[in-house]
Amino acid sequence: MRERFASGFDPFVIPFVIGMIFVLGYCLIAMVRVVCQLPKADRKRFLLSLITPKYIWMNVRDIFLNCLIHVKLWKRNKVLGYMHSSIAFGWFMLIVLGHLEVMLFVPERIRFFYYPIFFNYFVAETEQTLQGALLMFLMDFFLLLVLSGIVLAIIKRFVSRIVGMRRTTRLSVLDQVGLYSLWAIFPLRLLAESFTAHISGGSFLTIPANWVFRQFLGNDLNALPTWWAYSIALCIFMCVLPFTRYMHIPAEMLLIPMRNAGIKIRHPRKGFALLEVYSCPACGVCIDACPMSVRKANLRDCTVYLNRMLRRGNERRIAEISDKCLLCGKCSAVCQVGVQGPELRIAQRERRKFALSPSYADLDVRPMAEAVAGSGGVLYFAGCMTQLTPSILRATGSLLDKAGVSWKMMDPDGGLCCGRPLMMAGRTEQARELIAKNVEIIRASGCDTLLLSCPICYRVFKEEYPLEGIRVVHHSVFFQELIAAGKLPVQREDGLRLVWHDPCELGRGCGIYEQPRAALAAAGEVVEAGKNHAESICCGGSLGSLSLSFEQRRPMTQNALDNLTVADPDQIVTGCPLCLATFVRAADRPVRDIAEVLNEHC
Amino acid sequence: MVNRQPVVAVIGAGIAGLEAARQLAALGYKPVLIEKSSATGGHVAQWNRLFPDMTPAADVIEPLRAQTAGVKTLLGTEISAINRLKDEYNLVLSDGSSLLCQAVLFATGFRLFDASKKEEYGYGIYDRVITNRDLEHWFNTREDQRIRQPKAVGFVHCVGSRDLKAGNTQCSKVCCITAIKQAIEMKEEFPDAEVYCFYMDLRLFGKKYEDFYIKAQRDHGIHFIRGRVSEVGEAIDGRVVVKAEDTLNGKPVKVTLDLLVLMAGILCNPDAQRYARETGVAVDEDGFLKSRDNLAAITESSRPGVFFAGACTGAKTVPETLAEARSAALAIHQYFSKRV
Amino acid sequence: MIYQGKQKIWADYQKEIPDNHYFYVRSCIRQNFFPASERYFLKICRDLLGRDIYETEHHTTCAGIAYHCDTLPQETAMTVVARQFALMTEAGYENLVTSCITSFGNYCEVLESWREFPELEAMIRENLWKACRREFNKPKYVAHASDLVYKLRGEIAERAKFHLVSRATGEPLRIVEHIGCHYSKMFPHKGVGGAEYPCVLSGMAEAWGGQVIDYPERRHCCGYGFRQYHVRANRGYSLSNTHKKFESMEPFHPDMIITNCPGCPYFLDRWQYVIAEQTGKTYGRNGYGIPVLTYEELAGLVLGVDPWDLGLQIHQVAVEPLLDKIGIPYDPARKYLGMDEKKIMTPGLPTSLKCF
Amino acid sequence: MDFGFKLSPSSAVNLDTVDRRRYDRLVQLQPDALTCIGCGSCSATCTSASWTGMSVRKVLLGLQRGRDEEVDKMLSGCMLCGKCTMVCPRGINTRQLILTLCRLDKNGEVVR
């Protein structure tokens with residue numbers, strides 16, 4: 001190899017250099033900004049994690065697997081997975097190999113950072129070596145890989161159903177510029193390298209292409225403009241990148257270490273929240289996943305649009321989208337980069353100003369505390385919603401008695417709310433007051449186990465209550481354990497087909513999927529819904545949504561029911577009083593709480 | 001008897017009388033409509049639009065009139081006396097003639113409660129107090145000096161209904177929905193006006209009535225105040241000051257209105273009571289005519305050959321009245337069929 | 001306002017008022033509050049119009065005030081009433097005329113109760129006999145003194161020296177009439193004009209040249225309310241009711257208020273002072289109050305009786321502006337002279353309400 | 001002068017003068033609030049009612065009758081549990097209604 005130009009420079013690299021400097025500068029500033037916006041404790045924690053070997057390993061692994069290989073996407077959809085990893089990994093390899101070539105053949109040029117990108121223009125092949133041929137081959141191979149991804153991307157753009165997506169995002173103008181420039185980069189690179197392949201050398205892709213072109217073009221006049229075009233395409237892509245969804249590429253590389261360090265959203269618009277917003281690739285997976293999108297309603301109210309509006313600062317829409325969401329968490333469950341839709345929305349709700357704030361400091365819970373004082377054992381808190389579904393109350397009590405559990409009810413005449421609904425509405429401070437009151441009662445009882453039949457309560461008791469030394473357990477788990485321990489002689493009814501509906505707060509919220517199914521298996525045959533476990537569909541009754549009306553929720557409930565009944569179960573079983581009350585209104589077959597089903601067979 | 005076409009005297013040519021006459025004629029009888037006033041159509045003809053579809057009253061009246069054009073109709077005719085004969089009735093009419101008939105159908109309808117009897121509401125004393133009928137008259141003619149760009153309008157339900165002191169303990173059934181209809185019409189006419197309905201209970205039992213109510217609340221922002229108006233006074237500017245208790249709030253309320261509409265209730269037509277005495281059919285405790293059976297034979301009296309249709313037996317809606325008129329015609333048909 | 005509408009109602013509520021021969025029973029409290037009123041009722045009826053009105057010093061309270069204050073049972077009140085009837089019967093009269101509205105209401109209530117429950121009447125007759133060995137006939141007619149003055153209003157008008165018009169403009173005076181609650185609210189047919197639009201006082205006012213004004217709180221109680229005023233803790237409530245009436249009549253600028261009840265003129269008059277002291281607000285013109293007169297005082301003025309002989313100096317609200325407006329002559333120097341022409345005490349002046 | 005008694009304020013609600021700005025703004029933002037029929041389901045099921053006397057029915061009525069103090073007191077007792085929304089026969093989004101109200105100042109303006 002020898003250099004064709006003593007200067008090692010040609011004006012066509014200028015666009016690329018501009019783009020590169022711009023994007024690197026922008027990303028660096030943005031990164032520093034995000035880190036600076038973190039609360040002090042979080043910042044310290046994050047910076048420490050960056051020098052902790054355990055975290056370094058985690059970060060490298062996760063970035064490689066997620067950003068380059070897109071393993072999560074592969075699991076979800078192989079075509080999309082291939083498309084993304086071929087472009088990302090292929091491109092990454094092109095850059096790495098480009099640098100390798102420079103270091104091998106013209107090491108003094110490595111300080112020109114454009115050199116590896118345009119290597120083939122600046123060098124002429126003097127002799128064919130095995131080493132060179134291998135590198136050339138690899139370069140062509142990865143270029144082909146990238147091009148295959150681009151072809152898929154183009155097809156996907158026009159027929160998204162092929163890759164298994166029913167709906168995809170509508171692109172903004174800048175996004176389109178970014179997209180088309182991205183599409184253009186690699187075909188242009190192929191053209192450019194092909195035009196100069198008889199000088200610089202090439203491999204299975206570029207050499208035949210060069211031969212073909214030379215058959216009818218006859219001269220090299222096309223080479224330089226093509227390199228120009230390649231450079232300009234790169235420049236355009238990099239210059240628009242910060243303002244497009246492609247910002248997710250650099251953002252995710254910061255998001256992964258931050259998440260690994262355990263950083264949470266503390267401010268609706270700054271720090272981690274901002275990073276999440278920029279990490280959204282606007283792929284639109286959350287559109288199909290969103291339970292609100294049934295019958296093509298609320299299509300623009302899912303997380304991808306929240307992120308877009310947050311980037312644009314459209315306050316009206318931010319408020320609208322934030323208030324509408326059911327907070328079921330399914331968008332987070334399916335999100336490839338792990339944007340936390342519900343948490344992001346709650347943060348927006350928390351930001352809201354109120355003229356009037358509730359206060360519960362004056363509530364006198366002493367009578368309630370006295371009523372349960374010293375009861376020990378299991379304390380059962382029914383909660384607001386279970387009070388509306390007495391069948392759950394009765395079945396739970398009956399099962400506890402049958403199992404010989406020593407228990408006491410915390411709220412036989414109604415109690416205080418658990419605080420989760422307040423938190424969902426963004427009134428966290430007020431929720432803390434209620435939590436303190438409830439803790440007072442629970443502590444007074446001296447119980448060792450707090451039993452809950454409502455996942456909404458369960459989640460907040462588990463996550464937010466300072467109840468060290470007390471086991472907080474959902475009744476589905478508790479009963480499963482009693483069955484496993486042989487304390488509840490549940491009789492299996494042959495031919496009874498039961499489907500378990502994973503309530504959002506219990507499943508996605510607390511990760512409880514298997515115990516209720518195991519408990520139900522003791523009573524009958526458990527069949528699965530179309531979408532289940534982490535992808536189960538919200539019943540539509542969620543307290544998460546502030547603004548959805550009853551009428552708007554109805555089709556969501558119907559959709560969830562359709563999903564639950566694909567295997568034609570005899571009964572729909574759930575573990576949430578709110579799901580129960582919501583489903584009962586619309587279901588064509590019995591809807592029961594798990595406690596009811598178990599109690600009937602015991 | 002056998003060779004003659006039986007004559008049925010239909011007393012009253014409101015919608016009950018017209019519909020019954022139409023059916024009787026179609027069944028081959030000879031109905032004779034006797035109407036006290038100078039036109040057919042009764043109360044409905046004086047109304048402008050009808051709940052719950054805002055159907056023009058003329059759409060109900062005109063076809064009925066057209067289809068009874070061939071029926072002998074005596075307008076401006078009162079009945080001086082009714083004589084009971086064997087199997088027949090002889091009606092002495094105010095024009096001196098008499099009518100011999102083989103059956104009598106009471107389609108005498110109702111009388112609107114005289115709102116001035118509720119003295120505390122000041123109907124006939126305060127300029128701005130009118131009745132439901134006055135308002136319909138205004139809808140029809142647009143002639144009423146009392147209605148001039150009102151900014152606040154009130155409706156009082158149950159005026160002369162469910163009121164022992166007013167001499168009528170019965171519910172007049174149609175006033176709630178009429179008040180809502182008129183309230184909506186006023187709101188449509190005067191969108192900037194605040195409209196209040198003072199009710200004791202809202203009795204919206206009929207098809208689409210509840211939708212109508214929701215519409216009044218949601219689309220027109222009509223205020224519903226649960227409480228009976230206690231008294232009405234006149235402010236210095238001639239507007240009326242209305243006092244009531246807001247029973248849901250447990251506090252008295254006071255409001256100054258430009259127009260107060262009293263929903264006068266439905267009483268039995270006093271003529272009907274006289275005719276009933278003369279024909280020997282019973283009058284019920286509520287003042288309306290007494291059916292042989294309130295469930296199975298609402299259109300039949302306790303006397304053979306005397307039948308009822310419409311509001312003479314109690315407050316009725318238009319569809320109920322029409323259905324009863326048809327039912328009465330069939331009952332008369334069966335009566336004659338059995339006799340033959 | 002449709003005047004014909006009111007006339008129609010009045011036509012429905014015309015009670016029979018005998019022309020002559022009455023047994024008169026006085027009010028417990030009026031002689032203290034408005035001492036000349038009852039005296040001039042008798043003077044006008046007897047001396048001027050030649051009617052036979054009999055009264056006896058042996059009659060007592062009708063017990064209505066105690067009955068309404070829940071301090072004695074109805075049977076006791078009825079027995080007291082029966083004794084009055086006995087006095088009337090003994091005097092040879094059949095028509096009862098009462099000075100007090102509550103008495104009037106009480107008599108009506110007793111008679112109605114006896115009509116509904118004859119056994120009650122029998123029991124009361126027995127009680128009376130046991131108590132004082134008296135027997136009685138029920139009165140043929142019970143009239144309130146204002147009923148009688150209403151009936152005689154034409155005769156008074158014929159003899160009138162003054163008319164209720166402004167001397168300066170000739171316009172009729174604007175008069176608020178206030179009827180005692182017990183007059184016709186219990187038995188609308190016992191009152192002239194019924195309960196909603198009574199015409200007993202408005203009839204007089206109009207006959208003597210005035211113009212009656214109707215204001216929204218016309219029906220409202222004067223604020224006395226036996227159970228309220230008599231308990232000191234409740235007086236604020238009593239005052240508030242009066243205040244409500246004045247607030248309501250204020251825009252109509254009435255020249256005077258006339259009443260036919262013992263309590264009403266007292267409270268409408270005195271509370272004007274208390275309201276003025278507490279809020280600084282007065283309801284008449286130029287810082288004065290609205291004069292409140294009894295119908296007897298008004299009749300006396302119309303007939304040319306000296307205002308001080310009518311006891312108008314006893315009123316809290318100064319009547320002088322009213323007298324000036326009508327053109328009734330009066331001698332300011334004689335205002336606080338007693339019957340014997342000796343000076344009685346001159347009251348101190350309030351801080352807010354303007355007085356002479 | 002102290003008489004030992006005073007004028008007591010009238011308990012009557014004067015609809016001519018009552019300040020309904022907060023209510024008007026509320027129904028503008030959330031028109032379903034207009035359809036309340038005062039059935040009391042919300043109050044009957046309310047978790048907070050037994051503690052604080054909260055009642056959505058009374059809140060809506062109180063706003064129309066100028067009883068702002070009572071309304072604010074009730075609102076500040078709400079725990080947002082959402083039971084009232086579940087039982088409302090007219091489908092009023094009561095939970096959102098409460099949040100909306102809490103965002104309005106005395107003049108009926110949304111606080112920023």
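Below, chain A is the first sequence line, B the second, and so on; all start at residue 1.
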Next on the checklist: Please classify the contact between A/D364 and chain D as side chain, backbone, both or neither, with a heavy-atom cut-off of under 4.5 Å.
Outcome noted: backbone
Checklist entry - Atom CZ of A/F354 and atom OG of D/S76: how far apart are they, to the nearest 0.5 Å? => result 13.5 Å
Checklist entry - Using non-hydrogen atoms only, which part of A/R585 is less than 4.5 Å away from chain D: side chain, backbone, both, or neither? => result side chain
Checklist entry - How far does CG of A/L434 sit from CG of D/L80, to the nearest 0.5 angstrom? => result 9.5 Å
Item to check | SG-CZ distance between D/C102 and A/R427, expressed to the nearest 0.5 angstrom | outcome: 5.5 Å
Checklist entry - Between CD of A/E433 and CE of D/M79, what distance do you get to the nearest 0.5 Å? => result 10.5 Å
Checklist entry - If you count heavy-atom pairs under 4.5 Å between each of A/D413, A/L363, A/V365, A/L546 and chain D, which one has the most? => result A/L546
Checklist entry - Taking the side chain from D/R95 and the backbone from A/P421, do they hold a donor-acceptor pair closer than 3.5 Å? => result yes
Item to check | A/M385 vs D/K83 side-chain heavy atoms within contact, under 4.5 Å | outcome: yes
Next on the checklist: So A/R352 and D/L99, do their side chains get closer than 4.5 Å, heavy atoms only?
Outcome noted: no
Checklist entry - Just how far is it from atom CE of D/M86 to atom SG of A/C384, taken to the nearest 0.5 Å? => result 11.0 Å
Checklist entry - Do you know the tightest heavy-atom contact between A/A355 and D/V111? => result N-CG2, 3.6 Å
Checklist entry - Taking all non-hydrogen atoms of both residues, which atom of A/L416 and which atom of D/W51 are closest, and how far apart? => result CD2-CE2, 3.6 Å
Checklist entry - Would you say A/E440 has more than 12 foreign heavy atoms packed within less than 6.0 Å of its CD? => result yes
Item to check | Residues D/Q96, A/L548; criterion side chain to side chain contact (heavy atoms under 4.5 Å, CB included); working and verdict | outcome: CA-CA 9 Å; D/Q96 166 83 334; A/L548 278 179; over 6 Å; no
Next on the checklist: For chain D, which candidate among A/A425, A/G415, A/G383 shows the most heavy-atom pairs at distances under 4.5 Å?
Outcome noted: A/G415
Checklist outcome for this item: Bottom line for A/M368: the part with an atom under 4.5 Å from chain D's heavy atoms is side chain
Next on the checklist: So which residue, D/G91, D/C78, D/S50, ends up with the most heavy-atom pairs under 4.5 Å with chain A?
Outcome noted: D/C78
Item to check | Heavy-atom contact with chain A under 4.5 Å, split by part of D/C81 | outcome: both
Checklist entry - Taking D/N93 for the side chain and A/F550 for the main chain, is one N or O donor matched with an acceptor at less than 3.5 Å? => result no
Item to check | Interatomic distance, D/M74 atom CE to A/L356 atom CG [nearest 0.5 angstrom] | outcome: 11.5 Å
Item to check | Proximal component of A/S357, with respect to chain D [non-hydrogen, under 4.5 Å] | outcome: backbone
Checklist entry - D/T52 versus chain A, heavy atoms under 4.5 Å apart: side chain, backbone, both or neither? => result side chain
Next on the checklist: Tell me if the NZ atom of A/K462 is crowded by more than 12 foreign heavy atoms within 6.0 Å.
Outcome noted: yes
Checklist entry - For D/L75 and A/P358, which heavy atoms make the closest approach, and how far apart are they? => result O-CB, 4.3 Å
Item to check | D/T45 versus chain A, the contacting section by heavy-atom distance below 4.5 Å | outcome: side chain
